[in-house]
Participant: 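Structure in structure tokens, see below.
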Amino acid sequence: MDIPEGYGIVESQVYRSAMLQHCNYSLFNNIKTIILLSAESPTKALLQWIADSNIQLVHLGLQQLVRLSSGSWRPVSEELIKEGLEILLNVDMHPVLIMCTTGVQETGCLVGCLRKLQNWNFNSIIVEYRSFAGNKSRYNVEQFIELFDTDLVTLPQKLPSWFVSPITYPHPNR
């Protein structure tokens, strides 16, 4: 059993990594859902393991091929991040693994937007992103996280216990 590249625990029951290899499978036997953010298809061996393990594969990365024009500065589409967050925040989908080819760019962008939704300080979000990205960090990913509109995300009915929804304060004139 080997730990995959880019592996990390995001929150309780939420994990991140690069594309899994055969030597990584046993580490993820408890996973219920895999969110694949890369446009690339998984290997036949990975698809077979996912099927044999009764894991639900949500391949959001295919949308990137269609929705992003080559001239866009965005590293991923807002729709991909929105859908990824809505799956990630649905406790019925847990335990969940967020995965992309390297475990850095698309995964880092989704986790960064999750942190923004959790009201983390922006500097803390970037420190976490860079700790996984290392010398592969990209300014456009950081900019995407900064500019991502969290109001696009529809929170599911069953939120995980670690998620604290944004606090709204009553208007002073009411």
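Predicted model, so just to flag it, every value in this text is computed and none were measured.
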Participant: With Q13, which residues qualify under side chain to side chain donor-acceptor pair (under 3.5 Å), at least two apart?
Facilitator: none
Participant: Are V91 and F163 connected into the same hydrophobic cluster when the rule is that any two of I, L, V, M, F, W, Y join if their side-chain heavy atoms are below 4.5 Å apart?
Facilitator: no
Participant: Donor-acceptor pair, distance only, cut-off 3.5 Å: does the side chain of W162 make one with the backbone of E11?
Facilitator: no
Participant: Excluding sequence neighbours, so at least two apart, what forms side chain to side chain contact (heavy atoms under 4.5 Å, CB included) with A133?
Facilitator: V104, Y129, S137
Participant: Test your reading of the model: is there a side-chain donor-acceptor pair from H22 to the backbone of L46, 3.5 Å cut-off?
Facilitator: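 Checking the backbone N and O of L46 against the side chain of H22, no donor-acceptor pair under 3.5 Å is found.
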Participant: Within a strict 4.5 Å, meaning less than it, do heavy atoms of the S53 and I31 side chains meet?
Facilitator: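 Sidechains of I31 and S53: no contact.
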Participant: Is the side chain of Q105 donor-acceptor paired with the backbone N or O of K136 at a distance under 3.5 Å, no angle test?
Facilitator: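 Flag set: sc Q105 to bb K136 pair under 3.5 Å.
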Participant: Just how far is it from atom CG of L114 to atom CH2 of W120, taken to the nearest 0.5 Å?
Facilitator: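 That separation rounds to 8.5 Å.
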Participant: Can you see which heavy atom on V14 is nearest to which on L88, and at what distance?
Facilitator: CG1-CD1, 3.3 Å
Participant: Verify, without hydrogens or angle tests, whether H94 (side chain) and T33 (backbone) share a donor-acceptor contact under 3.5 angstrom.
Facilitator: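 Such a contact is absent between H94 side chain and T33 backbone.
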Participant: Just jot down the side chain to side chain contact (heavy atoms under 4.5 Å, CB included) partners of L57, sequence neighbours excluded, or say none.
Facilitator: I34, L36, P42, L47, I50
Participant: Looking only at non-hydrogen atoms, find the nearest pair between P95 and N30 and report the distance.
Facilitator: CG-O, 2.9 Å
Participant: Could you work out, with ring-ring contact (aromatic ring centres under 6.0 Å, His included) as the rule, every residue matching F28, not counting sequence neighbours?
Facilitator: Y7
Participant: So F144 and I81, side chain to side chain contact (heavy atoms under 4.5 Å, CB included) or not? Walk me through it.
Facilitator: CA-CA 10 Å; F144 181 93; I81 298 299; 3.6 Å; yes
Participant: I need the minimum non-hydrogen distance between I35 and G84, along with the two atoms involved.
Facilitator: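 Where I35 meets G84 most closely, the heavy atoms are CD1-O, 3.9 Å.
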Participant: Passes side chain to side chain contact (heavy atoms under 4.5 Å, CB included), V96 versus V58? Steps please.
Facilitator: CA-CA 10 Å; V96 62; V58 182; over 6 Å; no
Participant: Only counting residues at least two apart or in another chain, list the ones meeting side chain to side chain donor-acceptor pair (under 3.5 Å) with D92.
Facilitator: K158
Participant: With rounding to the nearest 0.5 angstrom, report the CZ to CD1 distance, R16 to I9.
Facilitator: 12.0 Å
Participant: Side chain to side chain contact (heavy atoms under 4.5 Å, CB included) with N135: which residues, sequence neighbours excluded?
Facilitator: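 N135 satisfies side chain to side chain contact (heavy atoms under 4.5 Å, CB included) with no residue once adjacent residues are dropped.
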Participant: Tell me, with the steps shown, if F122 and I145 meet side chain to side chain contact (heavy atoms under 4.5 Å, CB included).
Facilitator: CA-CA 9 Å; F122 182 68; I145 294 167; 4.2 Å; yes
Participant: Grab the two heavy atoms, one from C113 and one from L85, that are nearest each other, plus how far apart they are.
Facilitator: CB-CD1, 4.1 Å
Participant: Atom CD of E5 and atom OG of S17: how far apart are they, to the nearest 0.5 Å?
Facilitator: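 Reported value, rounded in 0.5 Å steps: 10.0 Å.
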Participant: For the residue pair L117 and L89, establish whether any side-chain heavy-atom pair is separated by less than 4.5 Å.
Facilitator: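 They are in contact (side-chain heavy atoms under 4.5 Å apart), so the answer is yes.
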Participant: So, for M99 and L20, which heavy atoms are closest and what is the spacing to 0.1 Å?
Facilitator: SD-N, 3.5 Å
Participant: If the condition is salt bridge (Lys or Arg N to Asp or Glu O under 4.0 Å), which residues does E86 pass it with, not counting sequence neighbours?
Facilitator: K82
Participant: Report the distance from atom CD1 of I3 to atom CG of L27, rounding to the nearest 0.5 Å.
Facilitator: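 Here the rounded value is 6.5 Å.
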Participant: Rounded to the nearest 0.5 Å, what separation is found between the CD atom of E83 and the CD1 atom of I87?
Facilitator: 6.5 Å
Participant: Partners of K116 by side chain to side chain donor-acceptor pair (under 3.5 Å), sequence neighbours excluded?
Facilitator: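 Residues passing side chain to side chain donor-acceptor pair (under 3.5 Å) with K116: none at all.
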Participant: What salt bridge (charged side-chain N to carboxylate O under 4.0 Å, His left out) pairs are there with at least one residue in residues 122-132, not counting sequence neighbours?
Facilitator: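 Non-adjacent pairs meeting salt bridge (charged side-chain N to carboxylate O under 4.0 Å, His left out): R115-E128, R130-E142.
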Participant: With respect to S38, which candidate in T102, T107, T101 satisfies the side chain to side chain donor-acceptor pair (under 3.5 Å) definition?
Facilitator: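 Of all the options given, the one that passes is T101.
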Participant: Quick one, V111 and F132 - any side-chain contact, counting heavy atoms below 4.5 Å?
Facilitator: no
Participant: Which atom pair, heavy atoms only, marks the closest approach of L110 to I98?
Facilitator: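 Closest pair (atom of L110, atom of I98, distance): CD2-CG2, 3.7 Å.
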Participant: Residues two or more places apart in sequence or in another chain: which of them pass side chain to side chain donor-acceptor pair (under 3.5 Å) with D52?
Facilitator: Q48
Participant: Using the side chain to side chain contact (heavy atoms under 4.5 Å, CB included) criterion, which residues pair with Q21? Sequence neighbours excluded.
Facilitator: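 Only C23, N24 meet the side chain to side chain contact (heavy atoms under 4.5 Å, CB included) criterion with Q21.
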Participant: Anything under 3.5 Å between a donor and an acceptor, one on a side chain of residues 148-157, the other on a protein residue two or more places apart or in another chain? List them.
Facilitator:
| unit_1 | atom_1 | unit_2 | atom_2 | d |
| --- | --- | --- | --- | --- |
| D149 | OD1 | D151 | N | 3.0 |

